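What you see is a predicted model, and the numbers here were worked out from it, not measured in a lab. By convention here, the first residue in the shown sequence is residue 1.
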Amino acid sequence: VFFSRRGDRITPEPRAKVEERLARSRDRDRKAGRMKALGEAALAVAAAGPAGARPGVEAGEWDAFVRALREIAIRGPDAPGTSEAAEILRSSGLSVEDAPFDLLVRMGIFDPDENLELARHGATAQYPAAAIEEADRVQAALGDPGRWREGREDAGPGAITIDSSRTVEVDDALSIREVEGGWEVGVHIADVASLVPRDGALEAEAFSRGATIYMPEGAIPMIPGTLGRGGFSLDEGVPRPALGLIARIASDGAVTEWRFARTRVAVARRLTYEQADDLAAEGDPALVALAAAGAALKQARLKGGAVDLDLPEIEVRVDGEGSSRTIDVTVTRGTTPSHVLVSECAILYNRIAGRMLRDLGVACVYRTQPSPGGNMPDVRSGGPAAEFAARRMLSPSQVGTDPGRHHMLGIDDYTLATSPIRRAFDLVVQRQIDGATRGGPVRDRAEMDRILLLASPAAQAAQAIDRARTRYWLLKY
C-alpha cells in the first residue's frame, strides 16, 4: 500500500496513490462485509422464512438483493446484473439455480406455483390508458345496435355456437339450412374490424400482444375483456355484428357458391362440444345437418390429399388457490361430430377468404406447410404409433404474405380469419376481407409484412407460455 518495489529499490508511494489504495481496500472490506451479511440473511430466510433476522443489512441493500434474486429466478443464473447476488449464494452454500425461487417463496414474494413464463416474455394483464379509453368507446357502440345494425343481413333465428365449456371469447357462430343437393352453411365471425379503428390504440395493442394467452389457470385477453368477453363475444340471445360466409355445400363436400356479408347474429343456442354431440345423436335437425356438412367437407379434403391425424388433445384446468386449488385434466379427440363440424367450418371460411384475397390481389396473411421429406406412414390403418410418427415427420407451419399449400390441411391459399377477438393475424385479415368485399381501404403487402414482424414474436410467446404452463401443471398433476 505504502511502498513499491522497482528492481532492488523500495520507494515510498505518493500520498494520493496511497489514499487511493486505502480507499479501494476499504471498499473491498465493505463489499465483503455486505456480501457476508446478505449471505447470512439469505440463510436465515431459508431457515425461518420472512421472519428470519437480517442483522447488519440495510433495507436498500436487501431490496437490491431481492431484485437480483427475482431476475435470476426468471432468467437464470446468468441474468444480467446479478453476478454479485450469484456469488453471495454460492459463498453461502446455496444453489444459484434453485435458491432464488425458493427464497422468494419463503419471503412470500412468489407463489409456490409462480408463473415465471409471463415475466420471461414480458406479458401483462394491464393495458395502456389509450387502449382502455378506445375499448370503452367501442363497447358503447356495441351496446347500441342502432349504431352498427344498418346494412347487415340477419343470420336467421337458428344460429348456434359450439365451444369448450371454458371458452369466454366466443367468436364464431354457425347457421344451416338444407337445400337441394346439399346445405347452405353460414359461418359468422365476430366483426371486430368494422368497429375497432384502423391504426388506433386497440389495434396497436393487439399487434403488440399477438394473441390471447391461454393458460390452465386463466387467460390474458389480446384486447380488454370488456370487448373480448363482452361486446364482441357472440353470446346467446344478444345481437352482435359479424362478418359471415354464406356457402352452398354439395353432398360430396364441393363448394358450389359462396359470398361474404356483414351479418347480424343473435345466437339461439350456446352449446358445448359434448352437448352438441348428444343433440346430434338424438336427431336434432340443425346438429344433424351441420354434422353431415362437416363430414362431407372433411371427406372432400381427404380426397384432395389432407392428412387426418386423430391425436389426443389434453386440456388442463386449474381452479382456486393454495390448499383449495384443484387440477383437472381432460383428454379429448377431435373426431366427434361436433369437433369435426366446427373445425371444417373454420377451415372452409379461411380457405375461401384466402383464395378470394389472392384472386383479387389483396395482401393477406397465409399459413402454409411444406410437404414432409419422406414417405408418410399409413395413419388410417397404423394406429396411434403411426399417427405420432406422422406428426414428427410434418414440417412446422409457416406464416407469411406469400400464398402456398398447407400440406396437412390439403389446401392452397389458407389464411387466418376466424378468431379476430383473440389473434392479431385474424383481425388484420378480417379487415382485408371486409375492405375487399365492400370496396373499402385495404393494407398493401408492405404494411402486412410490417404487422407480421410486429405481431409474430408476441404470438409465438403466447403459444410458448401456454405450452410451458400446461406442461408444468400436467407434471404437477
Return yes if some donor-acceptor pair links the side-chain N/O of Ser208 with the main-chain N/O of Glu205 below 3.5 Å, else return no. yes
When you compare the side chain of Thr161 with that of Leu174, does any pair of heavy atoms fall below 4.5 Å? no
Worked check of salt bridge (Lys or Arg N to Asp or Glu O under 4.0 Å) between Arg317 and Asp328: CA-CA 5 Å; Arg317 178 171 180 168; Asp328 293 318; 5.7 Å; no
When you measure from the side chain of Arg301 to the backbone N and O of Ile347, does any donor-acceptor pair fall under 3.5 Å? no
Please test Thr418 against Asp172 for side-chain hydrogen bond (donor to acceptor under 3.5 Å, both in side chains), starting from the C-alpha separation and ending with a verdict. CA-CA 7 Å; Thr418 51; Asp172 61 288; over 6 Å; no
Heavy-atom donor-acceptor pair, Gln463 side chain to Gln460 backbone, under 3.5 Å: no
Derivation of the side-chain contact (heavy atoms from CB on, under 4.5 Å) call for Asp199 and Arg443: CA-CA 11 Å; Asp199 297 322; Arg443 287 183 164 101; 3.0 Å; yes
I would like to know whether Ile72 and Val96 meet side-chain contact (heavy atoms from CB on, under 4.5 Å); could you show each step before the answer? CA-CA 8 Å; Ile72 295 173; Val96 180; 4.3 Å; yes
Please assess Tyr472 against Asp113 for the test side-chain hydrogen bond (donor to acceptor under 3.5 Å, both in side chains), listing each intermediate value before the final yes or no. CA-CA 9 Å; Tyr472 172 86; Asp113 299 304; 2.4 Å; yes
For the pair Asp426 (side chain) and Ala417 (backbone), establish whether a donor and an acceptor sit closer than 3.5 Å, ignoring hydrogens and angles. yes
What do you reckon, is CZ of Arg351 surrounded by more than 12 foreign heavy atoms closer than 6.0 Å? yes
Expected output: side-chain Ser233 to main-chain Val170 donor-acceptor under 3.5 Å: yes
Under 3.5 Å: donor-acceptor pair, side chain of Thr124, backbone of Gln126: yes
Is there a donor-acceptor pair under 3.5 Å between the side chain of Arg469 and the backbone N or O of Pro216? no
Begin with the C-alpha distance, continue with both residues' side-chain angles, and end with the deciding distance and a verdict on ring pair (Phe, Tyr, Trp, His ring centres under 6.0 Å) for Phe110 and Phe101. CA-CA 7 Å; Phe110 276 1; Phe101 185 89; 5.6 Å; yes
Show, in sequence, the C-alpha distance, side-chain angles and deciding distance for Leu357 and Thr415, and conclude whether the side-chain contact (heavy atoms from CB on, under 4.5 Å) test is met. CA-CA 9 Å; Leu357 293 176; Thr415 189; 5.5 Å; no
Locate the shortest heavy-atom distance separating Ala42 from Leu103; write the atom from each residue and the value. O-CD2, 3.4 Å
Just so I know, are the side chains of Val399 and Tyr366 near enough to count as touching, which here means a heavy-atom distance under 4.5 Å? no
Find the distance between CE (Met222) and CZ (Arg209) and round it off to the nearest 0.5 Å. 10.0 Å
Please check if the side chain of Ser324 supplies one atom and the backbone of Glu321 the other of a donor-acceptor pair under 3.5 Å. yes
Take a 6.0 Å sphere around NZ of Lys36 and say whether it holds more than 12 heavy atoms from other residues, nucleotides or ligands. no
Under 30°, 30 to 60°, or over 60°: which ring-plane class applies to His339 and Tyr273, parallel, tilted or perpendicular? parallel
Any side-chain to backbone donor/acceptor pair from Gln430 onto Val192? Under 3.5 Å, distance only. yes
Taking the six-membered ring of Phe425 as reference, does the cationic atom of Arg423 (NZ for Lys, CZ for Arg) lie under 6.0 Å from its centre and within 45° of its axis? no
Do other residues, nucleotides or ligands put more than 12 heavy atoms under 6.0 Å from Arg325 CZ? yes
Got a donor-acceptor contact below 3.5 angstrom from the Ser95 side chain to the Asp98 backbone? yes
Are the side chains of Ser164 and Glu315 in touch, meaning some heavy atoms are under 4.5 Å apart? yes
